[in-house]
**Student:** 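Can you keep this structure in mind? I'll have questions shortly.
On a predicted model such as this, the values are computed, not experimentally measured, just so you know.
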Amino acid sequence: MRPPGGRRAAAGDPFEVPAALLLAGFGAANRAVARALAARGRDLAVFDDRGGPDAMAAAASLGLDLEVAPDRRRLEEMVRSVGAVIPTPGMPEHHPVLAAARSRGVPTASELDLAGAWDSRPVAAVTGTSGKTTVTEMVVAALQRSGVGAVAAGNNDLPLVSAVERTDVDVFVVEASSFRLSHSRRFEADAACWLNFAPDHLDVHAGVASYEAAKARLWQCLPPGGTAVANRRDATVMSRLRDDRAASTFAGEGRADWWCDAGVLTGPGGPIVGVGELRRSMPHDIANALAAAATATLVGATADGVAEALRAYEPGAHRVQRVATIDGVTFYDDSKATTPHATVAALRSFEAAVLIAGGRNKGLDLHPLRDAADRVSCVVAFGEAAGEVAEVFAADRPVLMARDMTEAVALAAAAAGPGAAVLLSPACASFDGYPGYAARGEDFARAVNARARPAREGASE
């Protein structure tokens, strides 16, 4: 089965790729952009705030001169000579190159704009503060099981500008981060899913309003026939729907176009799959499955394909992943939870848990963690934000302070009784002590499994 036909330009002027562009930052995403633009004969200027041997070598391989940490005057000169600036994803909004572009009236753009200008195959896109990767993976699986060639691109290892070179793809499923959306001019998605909203990335965005506006760009350029997929339970998401655009809603609890009815995931066409058939059915798992079903169906997935994909989907690593049960205490790794919103969603899957939280705060207010305080029996705080975590819970929950992950696990294990859960769900980034959330989760698993070994050795003597 093939998906609906290719997109048509939405009302207004389509994005036209200028002859000369400035790539602001030269990480993995902009290196892919550089290759794509160079292959199409565009003139490129490139700078990076850090440079480094890998960046210099990548630039040289394309015949580009990479400037390292140019001053403000030089940035203004570079901006004056181009038709658009493409910032690297995650560039802070206060960066002087963006101020120079605004003052000169030079637009910013993203790889999403470039791909849309070069390719008209259908696109499904997923954004949200949490759950993007999971829902993107589910949509791809549902399409593939429906006989539709699909690939995940965007905020992963495959930039969309590289994905559009593939000839075996019928539908692109884009994980659309705020970093890419905030600089997009005209990104058009046939099915545009917004999962949820909570403050995040305030170390990059100028404020909560700027972050919300970036997410909302997903729905600004829906093409004719395009549909916004919205979480009916999220007030911010629902407030951004427009009456003149088609919409499809989902809700893990409560009635919507796609909802859970008496233990059965149900859509406009009827039952899809029973909750008991899912590999895992925490509240956020059900909401994610409904969002994926709604999105995939809009771009060509069949009911059978959706059901097969949801039954087979295995939640990814570091997403409330069970590590081990030791002396009746079960340890869960939710290291990917880098915001209070994500941690609260995880906690709501437990009656009570010892929470391990902390790391490097991304400029967020951690007090929303109290929304799930009734599910927390004790808190172990660690990392740079340990004091902030402790302040949130100190009034009515025991709080223990840990110097590192090994001590955090030991303190949590001692605080948990038989049958209890210990949940690593940090609500903060990992960069105070790790290269990424995966390394933090692996260190948690190491510390947990180290506790299991003595027990096993003692049992064998």
**Student:** Kindly indicate whether the side chain of I286, heavy atoms from C-beta on, has any atom under 4.5 Å from the side chain of V275.
**Tutor:** yes
**Student:** How many angstroms lie between atom CZ of R233 and atom CD of E253, to the nearest 0.5 angstrom?
**Tutor:** 5.5 Å
**Student:** Are side-chain heavy atoms of W258 and V229 found at a separation under 4.5 Å?
**Tutor:** no
**Student:** Provide the closest heavy-atom pair for Y332 versus F444 in the form atom of the first, atom of the second, distance.
**Tutor:** O-CE2, 3.4 Å
**Student:** Is it the case that more than 12 heavy atoms not belonging to D404 sit under 6.0 Å from its CG atom?
**Tutor:** yes
**Student:** Show your working on side chain to side chain contact (heavy atoms under 4.5 Å, CB included) between V85 and V79 and close with a plain yes or no.
**Tutor:** CA-CA 7 Å; V85 176; V79 168; 4.3 Å; yes
**Student:** T133 vs K336, test: side chain to side chain contact (heavy atoms under 4.5 Å, CB included). Steps then yes/no.
**Tutor:** CA-CA 11 Å; T133 301; K336 198 174 191 297; 3.9 Å; yes
**Student:** Give the C-alpha distance, both sets of side-chain angles, the deciding distance and a yes or no for salt bridge (Lys or Arg N to Asp or Glu O under 4.0 Å) between K215 and E212.
**Tutor:** CA-CA 5 Å; K215 292 293 189 186; E212 180 183 335; over 6 Å; no
**Student:** Does the side chain of N361 reach to within under 4.5 Å of the side chain of E384, using non-hydrogen atoms?
**Tutor:** no
**Student:** Side chain of R31, backbone of F26: donor and acceptor closer than 3.5 Å?
**Tutor:** yes
**Student:** From R440 CZ over to D333 CG, what is the distance, rounded to the nearest 0.5 angstrom?
**Tutor:** 9.0 Å
**Student:** Using 0.5 Å steps for rounding, measure from the NZ atom of K362 to the CG atom of D200.
**Tutor:** 3.5 Å
**Student:** Could you give me the CA-CA distance, side-chain angles and deciding distance for D190 and L298, then say whether side chain to side chain contact (heavy atoms under 4.5 Å, CB included) is met?
**Tutor:** CA-CA 8 Å; D190 301 272; L298 288 167; over 6 Å; no
**Student:** How close do E111 and L160 get, counting heavy atoms only, and between which atoms?
**Tutor:** OE1-N, 2.6 Å
**Student:** Between the side chains of T108 and R102, does any donor sit under 3.5 Å from an acceptor?
**Tutor:** no
**Student:** Taking the side chain as everything from C-beta on, heavy atoms only, tell me whether L23 gets closer than 4.5 Å to I86.
**Tutor:** yes
**Student:** Less than 3.5 Å apart, any donor N or O on the side chain of H284 or N196 sitting next to an acceptor on the other?
**Tutor:** no
**Student:** Would you call E442 and H318 a side-chain contact if the rule is heavy atoms closer than 4.5 Å?
**Tutor:** yes
**Student:** Would you say the side chain of L424 lies within less than 4.5 Å of the side chain of F382, judging by non-hydrogen atoms?
**Tutor:** yes
**Student:** Hey, do the aromatic rings of F15 and F187 have their centres closer than 6.0 Å?
**Tutor:** no
**Student:** If you define the side chain from C-beta out and look only at heavy atoms, does anything of Y313 sit under 4.5 Å from T134?
**Tutor:** yes
**Student:** Under a 3.5 Å distance rule, please check whether T339 uses its side chain to pair with a backbone N or O of A342 as donor and acceptor.
**Tutor:** yes
**Student:** Going by distance alone, is a donor N or O of one side chain under 3.5 Å from an acceptor N or O of the other, for H201 and S178?
**Tutor:** no
**Student:** Within a radius of less than 6.0 Å around CG of D71, do more than 12 heavy atoms belonging to other residues, nucleotides or ligands occur?
**Tutor:** yes
**Student:** Begin with the C-alpha distance, continue with both residues' side-chain angles, and end with the deciding distance and a verdict on salt bridge (Lys or Arg N to Asp or Glu O under 4.0 Å) for R280 and D285.
**Tutor:** CA-CA 7 Å; R280 196 180 71 187; D285 295 323; 2.8 Å; yes
**Student:** Has T249 got a side-chain atom pairing as donor or acceptor with D257's backbone, closer than 3.5 angstrom?
**Tutor:** yes
**Student:** For A317, is there any backbone N or O sitting under 3.5 Å from a side-chain donor or acceptor partner on R319?
**Tutor:** yes
**Student:** Report the distance from atom CD of E165 to atom CH2 of W118, rounding to the nearest 0.5 Å.
**Tutor:** 8.0 Å
**Student:** How close do L143 and A301 get, heavy atom to heavy atom, and via which atoms?
**Tutor:** CD2-N, 3.6 Å
**Student:** Could you report the tightest heavy-atom contact between A24 and V97, atom names first, then the distance?
**Tutor:** CB-CG1, 4.0 Å
**Student:** Do any N or O atoms from the side chain of S182 and from the backbone of F179 form a donor-acceptor pair under 3.5 angstrom?
**Tutor:** yes
**Student:** What class does the angle between the rings of W194 and W219 fall in, given that below 30° is parallel, 30 to 60° is tilted and above 60° is perpendicular?
**Tutor:** perpendicular
**Student:** Judged by atom type as modelled, is there a donor-acceptor pair below 3.5 Å linking the side chain of E277 to the main-chain atoms of V273?
**Tutor:** no
**Student:** Given side chains that start at C-beta, do those of S349 and V320 come closer than 4.5 Å, heavy atoms only?
**Tutor:** no
**Student:** State whether the side chain of T295 and the backbone N or O of A292 hold a donor-acceptor pair below 3.5 Å, judged by distance alone.
**Tutor:** no
**Student:** Heavy atoms only: give me the nearest M78-L22 pair and the separation to one decimal.
**Tutor:** CE-CD1, 3.6 Å
**Student:** Examine distances only and state if a side-chain atom of D113 and a backbone atom of R185 form a donor-acceptor pair shorter than 3.5 Å.
**Tutor:** yes
**Student:** Could you tell me the separation between the OG1 atom of T266 and the CZ atom of F250, rounded to the nearest 0.5 Å?
**Tutor:** 15.5 Å
**Student:** Evaluate the side chain to side chain contact (heavy atoms under 4.5 Å, CB included) criterion for residues V148 and V299: first the C-alpha distance (whole Å), next the side-chain angles of each, then the deciding distance (0.1 Å), finally the verdict.
**Tutor:** CA-CA 9 Å; V148 177; V299 286; over 6 Å; no
**Student:** Roughly how far, to the nearest 0.5 Å, is the CG atom of L64 from the CZ atom of R35?
**Tutor:** 11.0 Å
**Student:** For E76 and R104, what are the C-alpha separation, side-chain angles and deciding distance, and is it a salt bridge (Lys or Arg N to Asp or Glu O under 4.0 Å)?
**Tutor:** CA-CA 9 Å; E76 291 175 351; R104 293 282 174 181; 5.3 Å; no
**Student:** Look at atom CZ of R245 and say whether more than 12 heavy atoms of other residues, nucleotides or ligands are closer to it than 6.0 Å.
**Tutor:** yes
**Student:** Can you give me the closest heavy-atom contact between A176 and T127, atom names plus distance?
**Tutor:** O-OG1, 2.7 Å
**Student:** For a quick check under 3.5 Å, do E93 and S210 share a side-chain donor-acceptor pair by atom type?
**Tutor:** yes
**Student:** Could you tell me whether the side chain of R217 and the main chain of L181 form a donor-acceptor pair under 3.5 Å?
**Tutor:** yes
**Student:** Crowded around D243 CG? As in, over 12 foreign heavy atoms under 6.0 Å?
**Tutor:** no
**Student:** Checking the side chain of E188 only, and the main-chain atoms of P223 only, is there a donor and an acceptor separated by less than 3.5 Å?
**Tutor:** no
